[in-house]
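Following: one structure in structure tokens, then a few remarks.
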2 protein chains.
Amino acid sequence: MANDLNLGYNSRRIMASIRASGSQSRADLARSLGVNPATVTRLTTTMVGDGLLTEEADPRRQGLKGYPAKILKIEPTGLYSAGVYLDPDRIRTCVINAAGEIMANDELALPDRSFQSVMSAAAKSVKEQINDLGLDQNRVAGCGVSYPGQYTEDSLRVQRIQQFKDWPNVSIEQDLLKPYFGMPVKHTNDAKAACLAELYHGVCTDVEDFCYIWLSYGIGGGAVVGGNPHLGRVQGAGEWGGLFPKSNSRPSGQDLFDTLKEACVPIGKLNDIGLEHLKMPIVHSWRERAAKQIQWLCLVIARTFDPKTIVIGGTLHPQILDGFVDHMVLVSVLGEDYQHSLPNIVRASRDDLPELGAAALPIHDVTNPTAYAGKANKGW
Amino acid sequence: MANDLNLGYNSRRIMASIRASGSQSRADLARSLGVNPATVTRLTTTMVGDGLLTEEADPRRQGLKGYPAKILKIEPTGLYSAGVYLDPDRIRTCVINAAGEIMANDELALPDRSFQSVMSAAAKSVKEQINDLGLDQNRVAGCGVSYPGQYTEDSLRVQRIQQFKDWPNVSIEQDLLKPYFGMPVKHTNDAKAACLAELYHGVCTDVEDFCYIWLSYGIGGGAVVGGNPHLGRVQGAGEWGGLFPKSNSRPSGQDLFDTLKEACVPIGKLNDIGLEHLKMPIVHSWRERAAKQIQWLCLVIARTFDPKTIVIGGTLHPQILDGFVDHMVLVSVLGEDYQHSLPNIVRASRDDLPELGAAALPIHDVTNPTAYAGKANKGW
DNA sequence: ATTATTATCTTGCATTATGCAAATTAATAC
DNA sequence: GTATTAATTTGCATAATGCAAGATAATAAT
């Protein structure tokens, strides 16, 4: 399957419903999706046969009348996906299963920054993992690639990433990447990948509309509308960083980095920030100021996208990110004139592994109803 | 038809394609929609038979080889829709055809502000127009209702409008309005209705993703994502007004109104602003300041939704709105650190008739693919 | 003038996905 | 042991589409 795996629209809706609402009986699925029970039976029997779903007894249905429902759950071993995260100075790779569990992962130094070297090294690592795990390549949905940085606008609809300026323009249409990996490859930036990680394996599996605030060296993010990542005209949707002009202080990791440097507290990189730094007054006041800026950003998000949930995550020290969420939870009014209750503001759960979101990209392509690109003959 | 009119998914896609790209041959439709020519033939023949589409000779195809294509256009008389706009002190109603032409309209004073009186009066006016035009009720898709104001959050998902505080909570689910009109009724606020007017009969018929800045007494707006209005958690998506705290000066009609009042230039209502006011220095400086605020808003929109187009419209004096657009066109850089070209920023074309957008609501429901709610069995 | 070429449109047949209704199944309730 | 109940399955009908061959109406070539 996988590469020949071509799930129909309602099969994808079944996958989405189980991911969002958990394991369900066929009857439940039929009710919630508004399709005939017979249809669910037919679709799920092939899906169970293909190893995508598993049947098990319903523990909750003890003592009730009627035919005991058989519960359908997503079979972790039914589908796998590979993920690659490209740091400026290293490559992280992984293979995940359908449950979002890391089956294997690896970290390697960048050979050099040429497109060929980077992609060859990444592909080699991924292929090794698939081999070592003894996976059938047909069960691997594809490989996702993510990287830090925003997109720059070019002629045509081609994008380029700042960290790798000498790369050929990697377009979504012309697949430059597939030759390296020998399977479908999709790519996006780290923040948008983090979005997908939460949508598929994190705190937003049951949320149709949410926004993600991704705090790393820069301030990135993304928006999911109707269960689908919304990218925008120049792939700039949800790139909140631009709301904080670089000439001012801003709630970014680079800003904290610079603040520490000015205060003569030398750190090599963001990850070097430890508990001893968090206790420092200068960091404390930075966190207080940044929290207020994040609050303003949440207000802007609430007034633009008005999402159900706002997720905060990134590579900043977890305690700093936790602090931002705590700040928002303590706030009773989001901002001036904001008459509503706060949207649900939560901490990201899968921002520790940036390659996980990348790996979710092919899964999305293969199993999400909104990504369905088959013949369009919806209903009658 | 109409009330029994139940267009399938691909039939709706055909309507959408013709609306967006203009009259097309069946072959063009088949190519652009990615469906078989035979399918287009079958669907369009019934649609022509139902009077939704008309066939005509293709003038451009003179002198070319091959079977001369027959061009399909939307038949204006194939579908009608009624619209109601509720001002705080008057009711405006209209009936439009499928081409968005006003077939009849009316303006009446509010009898009183009770729900019953307002709805009865509006329904009576609409029914009279349908009768006078001699329309088959089955050709009327329904009635749309719009009104100024934002939604307030209530328990459950019920909304209420400030101007009509004593109204029963009008939910989208439980249809309180249908009994008055005897046909399907949908409602939304004036800004979101204006969005639809541009999407169906204005400057955004070919734009999948756009944002609308609606300037009236207040600052409203909306966002269309993937050809569908995005509403948000508390129907607050695109309500940009909240980005300008009321404690400060803001680019709203009320703010201009107050500015004039302070300068001892008494006007009764927004519509009283005439050319003589536009020449005044105080208005000039207000416009300059407001234009900068609108520019900032465009920057925020570009950094959140990143839409293809931003539409500016409303009930402010047209020259003021034109001025905002002109300001944006002259600006070469949208804002600090904004590296991209500007989104397309245009003047609304259908903001003169607020009831028009309301009338587009039922048309959207009946003909838009994204609003298709039939059995979900998209493709194989 | 006739034939070839071309592109659009249409029709017959096969296929896919689904709904409906009746039948089957496995539990509890009486 | 029989009735009731709810989930699931199966047989049959139906809707929507694709494919391929054919019909149609124009221009181009001979």
Side-chain angles (χ1 to χ4, degrees), chain A residues 4 6-15 23-50 53-73 369 372-380, chain B residues 4 6-15 23-50 53-73 369 372-380:
Chain A
D4 12 296
N6 199 4
L7 287 178
Y9 187 65
N10 275 337
S11 298
R12 285 159 183 256
R13 296 216 302 151
I14 288 170
M15 293 293 280
S23 304
Q24 290 166 73
S25 69
R26 288 162 228 258
D28 285 337
L29 284 165
R31 276 187 292 265
S32 70
L33 300 182
V35 296
N36 198 281
T39 301
V40 177
T41 292
R42 277 183 295 248
L43 295 177
T44 52
T45 43
T46 47
M47 289 162 86
V48 169
D50 287 350
L53 297 177
T54 325
E55 234 175 26
E56 53 185 38
D58 184 356
R60 299 164 306 176
R61 237 189 136 297
Q62 285 288 345
L64 293 175
K65 263 192 181 183
Y67 190 114
K70 287 168 274 182
I71 288 271
L72 293 164
K73 57 171 284 191
Y372 178 75
K375 302 301 179 312
N377 61 317
K378 208 177 170 186
W380 50 84
Chain B
D4 12 299
N6 200 2
L7 288 177
Y9 186 66
N10 276 336
S11 298
R12 286 161 184 255
R13 295 215 303 151
I14 288 169
M15 294 292 281
S23 303
Q24 290 166 72
S25 70
R26 288 163 229 258
D28 285 337
L29 283 167
R31 277 187 289 265
S32 71
L33 300 181
V35 297
N36 197 281
T39 302
V40 177
T41 292
R42 276 182 297 249
L43 295 177
T44 53
T45 43
T46 47
M47 288 162 87
V48 169
D50 287 351
L53 297 177
T54 326
E55 235 176 23
E56 54 185 39
D58 185 354
R60 300 164 304 177
R61 238 190 136 296
Q62 286 287 344
L64 293 175
K65 265 193 181 181
Y67 190 114
K70 286 166 276 181
I71 287 270
L72 294 164
K73 55 172 287 193
Y372 177 75
K375 302 303 180 310
N377 62 314
K378 210 176 169 186
W380 53 83

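Protein chains get the first letters and strands the later ones, always in sequence-line order, with residue 1 at the start of each.
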Rounded to whole Å, the CG-C1' distance (B:L29 to D:dG18) equals 17 Å
note: A:M47, atom CE; C:dA17, atom C1'; distance rounded to Å ~ 15 Å
Nearest heavy-atom approach of A:Y9 to A:Y372 is N-CE1, 3.9 Å
Review point. If you measure only the distance, is there a donor-acceptor pair under 3.5 Å linking the side chains of B:D28 and B:S25?
Key: yes
Output for pair (A:M47 CE, A:T54 OG1), nearest 0.5 Å, gives 11.0 Å
From CG of A:L64 across to P of D:dT4 the rounded distance in Å is 19 Å
Separation of D:dA16 atom C1' from A:Y9 atom OH, nearest Å, is 16 Å
Taken to the nearest whole Å, CD1/A:I14 to P/D:dT8 is 12 Å
Between CG of A:L33 and C1' of C:dT18 the distance, given in whole Å, is 14 Å
Taking every heavy atom of B:S23 against every heavy atom of B:I71, the minimum-distance pair comes out as CB-CG2, 3.3 Å
Review point. Counting only side-chain N and O atoms of B:T39, is one of them less than 4.0 Å from OP1 or OP2 of D:dA16?
Key: no
Requested in this report: Using a 4.5 Å cut-off on heavy atoms from C-beta on, say whether the side chain of B:L53 contacts that of B:T44.
Outcome: yes
Below 3.5 Å is the cut-off: list the nitrogen or oxygen pairs between protein and nucleotides 7-10 of chain C, distance only.
residue: C:dA7; atom: N3; partner: B:Y67; partner atom: N; Å: 3.0
residue: C:dT8; atom: OP1; partner: B:R31; partner atom: NH2; Å: 3.2
residue: C:dT8; atom: OP2; partner: B:R31; partner atom: NH1; Å: 3.4
residue: C:dT8; atom: O4'; partner: B:Y67; partner atom: O; Å: 3.3
residue: C:dC9; atom: OP1; partner: B:K70; partner atom: N; Å: 2.7
residue: C:dC9; atom: OP1; partner: B:K70; partner atom: O; Å: 3.1
residue: C:dC9; atom: OP2; partner: B:R26; partner atom: N; Å: 3.1
residue: C:dC9; atom: OP2; partner: B:A27; partner atom: N; Å: 2.7
residue: C:dT10; atom: OP2; partner: B:T41; partner atom: OG1; Å: 3.3

Output yes when at least one side-chain N/O atom of A:N10 is less than 4.0 Å from OP1 or OP2 of C:dA17, else no. no
Rounded to whole Å, the CG-P distance (A:L72 to D:dA7) equals 13 Å
From the list B:L72, B:T39, B:L29, side chain to side chain contact (heavy atoms under 4.5 Å, CB included) partner of B:I14 resolves to B:L29
